[in-house]
Amino acid sequence: MYRLLIVDDEYHIREGLKLMVAESGLSVEVSDVAGDGATALRLYTEQRPDMVLLDINLPDMSGLDVAKTIRDKDQQTPLLFLTGYESMTYIRQAVSLQAVDYLLKPVTSEDFEAALSRAEDRIAQWRRSEEEAIHRHRSLEPLYREHLLLDLLQQRRPAAEVIREMDGLRFFGETSGPPYTVLCCELEEASQQEAAASKSHGSIHKNSHVFAGLAGEAAAATGAKAHSAAVSRDRRVVLLATASCRAAERTAQQIRQAVQERLSQGVSIGISRPVQRMEQLPEAYEEAVQAAEHRGWVGYSQIIPYESIQAAEPNSSQLLEKELLMITEIRAGNDAAVHAILQEWSGQLAGLPVKQVKMIVTQLVLFVMRIVQSDAFVGQTSMQEQDPLLELSRLRHGPEMIDYVSRYFVRVGRHVRESREKGIPRKFQRAKEWIREHLQEDGGLNRLAEYMNMSPKYLSARFKQVTGESFADYQTRVRFERARELLLDPNRKVAEVAEVVGFTDTNYFSIAFKKHTGLTPTEFRKTFL
């Protein structure tokens, strides 16, 4: 029912209007009556009726003045005017006050009911508009929250100002708080059709919404709370609240699995160290980004804690000759040689400080992970174990680090050997060796076909069938693997490296290298040298 306040200085008119309302059959009831302007304003303030009927001539002030006072506080309440004078001046003022109707005394029940009906329509229309505004606000709130999160993490506005707005939104709710951890999620390249579709803003927003749902589900499963935002087409950032280190790792693992299963994409995830205050989140964001950008080194679709890259700044000058030899033997799948080298190497590490041990073993793990990534059959027959960098980040004592890494290296060597024994015929091993030795030459497929005594078309089909990679994909991967190895030599110029791996244009090499690894050659050297 809509509540009506009747304001008229004549008792009989007030009573007659009350009777008309009761007999109208409309969803209107008289909430109160007033005989003067002061009483009308008091009752309006106390009761806030849904509509007001005002006589223009009141004993203490004009009904128009009462309406102006109401309009100063409220632009929505329908106002109806009642007067014994048909004055154009009054009518114009009533129109300026957004009156629903202007009724002349004596008013008929039909005119009065029609005026009340119009007032009902005005209220219904305003309420629909208000509901639509609330709906629009709610639909835009997730985007507003994303902008707030990026404002804080990327320091686009003063942190104190953003945090105040987050508090006003109850950004973290009543039950969540520190520690906070930031995840930087780099989505791997999707299929060409999906990539083309995702170029439109609508698709980006839709994918961001889907990713936010996956992140929220993954966090809830570990007892944390997640807020995510799209930084770019391929990068998502997730802020975890009330998340221990272990919960952050489990959340990252579940996000990776969900993205692979439900979005059919790989994702590399960098994990920051936990922080206790929101003002520290920009630094945590930088850590997560740095960790994620190491995917070009450790391999794609990995979970990379910041602690692991902080402990090991990969530098070729720190690798001893014996360690390089061990990597060579692991690549060859030579178990006996790996065992022999590990025994001596482990003895040497045992006498070093824990921090230095962690730096060296993590650095070696980074190199060995590349071996796993680089072999086609190893990639097809996964080792089915936890990310070694995650495992290392949990270890705190030198002996357990050495023991874990030694066992990991033995497993990798055995897996490489067993994988290779299963599949590639010797002639295609020779083909792969030929490709590695002729990176500088043009016309690769035709030259290889000539070397193999096969037609280029047949060679291309068989190469993909036997190795699991097309000739072009394998050649590209080998080129950039070789480029990374050469760039770790500070004495080589970028132009020289480009030439060795088959690029005559240094600028084109830099562009291609960044597309493949996520870093330019110069950035790669700054990161790893």
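Because the structure is a prediction, the values reported are computed rather than measured.
Side-chain contact between P178 and R277 is absent, with no heavy atoms from C-beta onward closer than 4.5 Å. Counting heavy atoms from C-beta outward, Y2 and L26 have side chains that stay 4.5 Å or more apart. Side-chain contact between Q265 and Q260: absent, with no pair of heavy atoms (C-beta onward) separated by less than 4.5 Å. Contact of the L17 side chain with the L82 side chain is registered, since non-hydrogen atoms from C-beta on lie closer than 4.5 Å. Under the 4.5 Å side-chain criterion, counting only non-hydrogen atoms from C-beta, S62 is in contact with I56. When side chains are defined from C-beta on, M51 does not count as touching R122, because their heavy atoms never get closer than 4.5 Å. Under the 4.5 Å side-chain criterion, counting only non-hydrogen atoms from C-beta, D55 is not in contact with V7. Contact annotation: the side chain of C185 approaches that of F211 to within less than 4.5 Å [non-hydrogen atoms, C-beta and beyond].
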- Taking it one step at a time, do L41 and I70 satisfy side chain to side chain contact (heavy atoms under 4.5 Å, CB included)? CA-CA 8 Å; L41 289 173; I70 291 174; 4.1 Å; yes
- Message: I'd like to know whether I163 forms a side chain to side chain contact (heavy atoms under 4.5 Å, CB included) with L152, so could you lay out the CA-CA distance, the side-chain angles of the two residues, the decisive distance to 0.1 Å, and finally the verdict.
- Response: CA-CA 8 Å; I163 292 170; L152 177 61; 4.3 Å; yes
- Please step through side chain to side chain contact (heavy atoms under 4.5 Å, CB included) for the pair V21 and K18, ending with a clear verdict. CA-CA 5 Å; V21 170; K18 287 170 63 177; 5.8 Å; no
- Evaluation steps, side chain to side chain contact (heavy atoms under 4.5 Å, CB included), between Y44 and V66: CA-CA 10 Å; Y44 168 80; V66 175; over 6 Å; no
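Note: Y404 and Y408 have parallel aromatic rings, judged against thresholds of 30 and 60 degrees for the angle between ring planes.
Atom OH of Y180 is separated from atom CG of L240 by 12.0 Å, given to the nearest 0.5 angstrom. Separation of atoms CG (L58) and CG (D65) is listed at 9.5 Å; rounding is to 0.5 Å. Interatomic distance, OH of Y285 versus CG of L239, reported as 12.0 Å (0.5 Å rounding). Within the model, atoms CD of E286 and SG of C184 stand 9.5 Å from one another, a figure rounded to the nearest 0.5 Å. Atom CE of M61 sits about 7.5 Å away from atom CG of D36, to the nearest 0.5 Å. Separation of atoms CD (E113) and CD (E120) is listed at 10.5 Å; rounding is to 0.5 Å.
A side-chain hydrogen bond (donor to acceptor under 3.5 Å, both in side chains) with E481 is found for exactly one of R484, R477, R479, namely R477.
A pairwise comparison of heavy atoms in I304 and A292 identifies CD1-O, 4.4 Å as the closest pair. A pairwise comparison of heavy atoms in N507 and D505 identifies N-OD1, 2.9 Å as the closest pair. Between L5 and A40, the shortest heavy-atom distance links the atoms CD2-O, 3.8 Å. When every heavy atom of A291 is checked against every heavy atom of P305, the shortest pair comes out as CB-C, 4.2 Å. Closest non-hydrogen pair, S301 versus G266, comes out as OG-CA, 3.6 Å. Of all non-hydrogen atoms in A115 and L80, the two that sit nearest each other are CB-CD2, 3.3 Å.
With sequence neighbours excluded, no residue forms a salt bridge (Lys or Arg N to Asp or Glu O under 4.0 Å) with R48. In this structure, K464 has no salt bridge (Lys or Arg N to Asp or Glu O under 4.0 Å) partners at least two apart in sequence or on a different chain. Shown here are the side chain to side chain contact (heavy atoms under 4.5 Å, CB included) partners of R157, two or more places apart in sequence or in another chain: L148, D151, E161, V162, E165. Residues satisfying the side chain to side chain contact (heavy atoms under 4.5 Å, CB included) criterion with A252, sequence neighbours excluded, are L183, I269, I271, I303. In this structure S460 satisfies the side chain to side chain contact (heavy atoms under 4.5 Å, CB included) test together with L445, sequence neighbours excluded. Partners of A512 according to the side chain to side chain contact (heavy atoms under 4.5 Å, CB included) rule, which considers only residues two or more places apart in sequence or in another chain, are F480, F503.
In this structure, E279 places its CD atom where more than 12 heavy-atom neighbours from other residues, nucleotides or ligands lie under 6.0 Å away.
Using modelled atom types, one finds no donor on one side chain facing an acceptor on the other under 3.5 Å when comparing Q280 with Q276.
Between the S117 side chain and the A114 main chain, no donor and acceptor come within less than 3.5 Å of each other. Proximity of a side-chain donor or acceptor of D60 to a complementary backbone N or O of A38 within less than 3.5 Å is detected. A donor-acceptor distance shorter than 3.5 angstrom exists from the side chain of E287 to the backbone of R273, with no hydrogens or angles considered. For D8 (side chain) and R14 (main-chain N/O), no donor-acceptor pair under 3.5 Å exists by modelled atom type. Not one N or O on the side chain of R236 forms a donor-acceptor pair closer than 3.5 Å with the backbone of A215. Checking side-chain atoms of T77 against main-chain N and O of D50 turns up no donor-acceptor pair under 3.5 Å. Formation of a donor-acceptor pair under 3.5 Å by the S272 side chain with backbone atoms of V182 is found in this model.
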